[in-house]
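Remarks on the structure that follows.
Bear in mind that the values here come from a model prediction, so they are computed numbers and not experimental data. Naming: A, B, ... by sequence-line order, numbering from 1 per chain.
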Protein chains: 4
Amino acid sequence: MARPLSEEKRDAILTSAAEVVAAQGVSAPTAGIAKGAGVAEGTLFTYFTTKDALLNQLYLALKDELRAALVRGYPSRGAPRDRWRHVWDSYVDWGAANPAKRKAMRQLTVSDRISPRSREIGGRGFDEVAALMEESLASGVMKTLPPDFGQAVMESLAEMTLEFMAREPGERERYKQAGFEAFWNAVSAP
Amino acid sequence: MARPLSEEKRDAILTSAAEVVAAQGVSAPTAGIAKGAGVAEGTLFTYFTTKDALLNQLYLALKDELRAALVRGYPSRGAPRDRWRHVWDSYVDWGAANPAKRKAMRQLTVSDRISPRSREIGGRGFDEVAALMEESLASGVMKTLPPDFGQAVMESLAEMTLEFMAREPGERERYKQAGFEAFWNAVSAP
Amino acid sequence: MARPLSEEKRDAILTSAAEVVAAQGVSAPTAGIAKGAGVAEGTLFTYFTTKDALLNQLYLALKDELRAALVRGYPSRGAPRDRWRHVWDSYVDWGAANPAKRKAMRQLTVSDRISPRSREIGGRGFDEVAALMEESLASGVMKTLPPDFGQAVMESLAEMTLEFMAREPGERERYKQAGFEAFWNAVSAP
Amino acid sequence: MARPLSEEKRDAILTSAAEVVAAQGVSAPTAGIAKGAGVAEGTLFTYFTTKDALLNQLYLALKDELRAALVRGYPSRGAPRDRWRHVWDSYVDWGAANPAKRKAMRQLTVSDRISPRSREIGGRGFDEVAALMEESLASGVMKTLPPDFGQAVMESLAEMTLEFMAREPGERERYKQAGFEAFWNAVSAP
DNA sequence: TATGAATGAGTGTTCATTCAT
DNA sequence: CATGAATGAACACTCATTCAT
């Protein structure tokens, strides 16, 4: 049955793509991505029909990885603040541990090469997360707004916090903490 | 290069660039920008030495326009909350009124073609704004954090709010209001 | 290479090649030919060392099939006109019955990928045919010309006739008849 | 008004294309065509939007040149045979004098990259020619067939004759003469 | 100064062929 | 022997920039 498509190689391409896109944007040459993955230029196209296909699948893979990080260890029975805290910490820790992936995700998010369908699927994973905690927003500012909004508040504040953490690595913990306070106040204050 | 003959033409190119970059990203061809400005392909390069130069100057021009919008009508003697409110409203109104410019700014911000120097100069304008209100943060969460941070909280929440406003135009006022509440709580809660 | 295991598979590849070349020209991908033959991409190369080898062998196979059609039922003892008529009818009938093969042959004939050697061998088969009837040209226009020429007159008129037949299927018989008259006059008139 | 598009350069590209296509077929690289024309690779695309566009326009240019050759010196008032003779001689002389153009035309004719529209336009020129002599076919074999057919008989016999002339340059005149006899008999015999 | 044709390096993608399975 | 993944040289076409007009 000849050589089977190697999951390993596919991952190497996605990993390389994340790095290269983080560094050079979505217009980075596929040749560079292939090189970074240690495969031939043509091989990339046996795993991804098109550059756009690669970018969209990278987007989904990153979203999925992040989602997995948020869910891991989620304290289902904790107090709402603790649960949000867990999500916040997971998000920020993942972002701090994977700066390239985070930057790539940002590039992809603003790119018009990510299809609406991908965006929908990519967001879908987080509906789970949103659902998990919807009830925790029964009070406070978020009362009357779609759960999307609360989630988006978290996301944008976490991104911003990560930016500061990256700029001043010595102050990481402080920013992580302050960011959460800001978020929690934003979302829960009466 | 001295002073180019026509300020008007320079502006036309910048305006076209904002539209085209908003629609197609920073990799949009200069030919399209020139066409949109009603000038010849080559003319663009008598006003901007390089595509990168154009993008950087567009970035600065947009930052400056936004800054001007924030300062206009600023109630220097008002209560802190009112002053922040003015900044918030100005930001969000400008963004809602100039969706292409905002989208272009977003594209430019994540692009690696904007030099660190441009980013610094672009931020500098806001130091004024920051300075104007530094004192207002003498209490609350922001107490012990750099004024940048408070500013960044505002910016990221405003951007996110604009996204929601664009998606559901019927709910504009509601999001604008809710966004400000979230921001104000984030930043001022004890 | 010895004798490849399956004559059947070799034929399937040649048949597929004829169809694909007819439809897409000699630049058709080998992958498509393999697929059409129901074999793997690589298998094609165990039967034909090279794409050029495949094309050349296809050319020869088609020439041979056509030659066989001309010889079948040849009335060795008939009057010259009847013999030519048999050849003409056989040629045209074969072409009408195998439009893809005929189109493929045409593509191959003008292609620079068919080697001079193949052309020579491909023509050789017809020397038999030519020889069979050489004597029939002892008079008429062809008197002083190489038998090739008479043969070529037939071939080119037959090809042209097939074109018209393909274009207007309702008039097939008429064209077939008129084509032969033209040929016969061309070749036999005093 | 900047540099105007140069008719000269366009012609150089078409001429180079004819040579390169004659030698290598329609799949010849555009780079080679550009090089042959003494222009940069990119320049080719300011004159022809697409390789297909170039091939189609080359086809039309060649058809037109041939048509012009046939019409030049046409003896409108001559006897039918003399008029056909003129057409035959013009065709064959043009083909013998421009072997590359002829070979290119042949390649283009069998290629599927020539659009039906181009074929129609390319044929259109010859309707003139056909019309010029339609009446001359009031008798003979062609009596009851479309004028296309007579024209096609001429074309295919002329092409074949050119082939023989190219193969044996010493016998040119003989083939030219014999070819015409064959054609004339084919078409006019009772 | 304004124009837009000219340039050629760079891009995504294809494809004949090889070779690990 | 059969398979199809792997390879990398081409290829058509784009685009920032230059420069003749």
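- Scanning both residues, Leu60(D) and Ser118(D), for their nearest heavy atoms gives CD2-O, 3.5 Å.
- Taken residue by residue, residues 23-31 of chain D places heavy atoms nearer than 4.0 Å to DNA chain F at Ala28(D), Pro29(D), Thr30(D).
- Closest approach of Lys51(D) to Phe45(D), counting heavy atoms only: N-CE2, 4.1 Å.
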Enumerate donor-acceptor pairs with a distance under 3.5 Å from any side-chain N or O in residues 17-44 of chain B to protein atoms, sequence neighbours excluded.
none

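- For Thr109(D) (side chain) and Met105(D) (main-chain N/O), a donor-acceptor pair under 3.5 Å exists by modelled atom type.
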**Report entry** Base-pairing string, 5' to 3', of DNA chain E - Watson-Crick or wobble, under 3.5 Å, | interstrand
**Finding:** .||||||||||||||||||||

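- Taking atom NZ on Lys35(C) and atom C1' on dT14(E), their separation rounds to 16 Å, with Å as the unit.
- Taking 4.5 Å as the limit, some side-chain heavy atom of Phe48(B) sits within range of a side-chain heavy atom of Leu14(B).
- The salt bridge (Lys or Arg N to Asp or Glu O under 4.0 Å) test applied to Lys103(A) returns no partner, not counting sequence neighbours.
- Qualifying salt bridge (Lys or Arg N to Asp or Glu O under 4.0 Å) partners for Glu163(B), counting only residues two or more places apart in sequence or in other chains: Arg102(B), Arg106(B).
- Considering only residues two or more places apart in sequence or on other chains, Ala53(D) meets the side-chain contact (heavy atoms from CB on, under 4.5 Å) condition with Thr49(D), Thr50(D), Gln57(D).
- For Arg119(A), the salt bridge (Lys or Arg N to Asp or Glu O under 4.0 Å) criterion is met by no residue, not counting sequence neighbours.
- For the side-chain contact (heavy atoms from CB on, under 4.5 Å) test, residues two or more places apart in sequence or in another chain that qualify with Asn98(B) are Glu65(B), Trp94(B), Lys101(B).
- Note: CD (Glu7(A)) to C1' (dA5(F)) measures 15 Å, nearest angstrom.
- Of the possible polar contacts, one joining the Thr15(C) side chain to the Asp11(C) backbone as a donor-acceptor pair under 3.5 Å is found.
- The stretch residues 109-118 of chain A does not touch DNA chain F, since none of its heavy atoms comes less than 4.0 Å from the strand.
- Between the P atom of dA20(F) and the CG atom of Leu5(D) lies a distance of 17 Å, rounded to the nearest Å.
- Atom CZ of Arg3(A) is separated from atom C1' of dA5(F) by 5 Å (rounded to the nearest Å).
- The CZ-C1' distance, from Arg10(A) to dA6(F), rounds to 17 Å in whole Å.
- Against DNA chain F, the stretch residues 41-57 of chain A makes heavy-atom approaches under 4.0 Å through Gly42(A), Thr43(A), Thr46(A), Tyr47(A).
- Applying the side-chain contact (heavy atoms from CB on, under 4.5 Å) criterion to Glu8(B), with sequence neighbours excluded, gives Ser6(B).
- An OP1 or OP2 oxygen of dA5(E) is reached within less than 4.0 angstrom by no side-chain nitrogen or oxygen of Lys9(D).
- In this structure, Gly38(C) and Ala40(A) both approach DNA chain F, and ranking their closest nucleotides by distance from the 5' end singles out Gly38(C).
- Lys9(C) pairs by the salt bridge (Lys or Arg N to Asp or Glu O under 4.0 Å) definition with nothing, not counting sequence neighbours.
- Distance CD (Glu8(A)) to P (dA6(F)): 11 Å, rounded to an integer number of Å.
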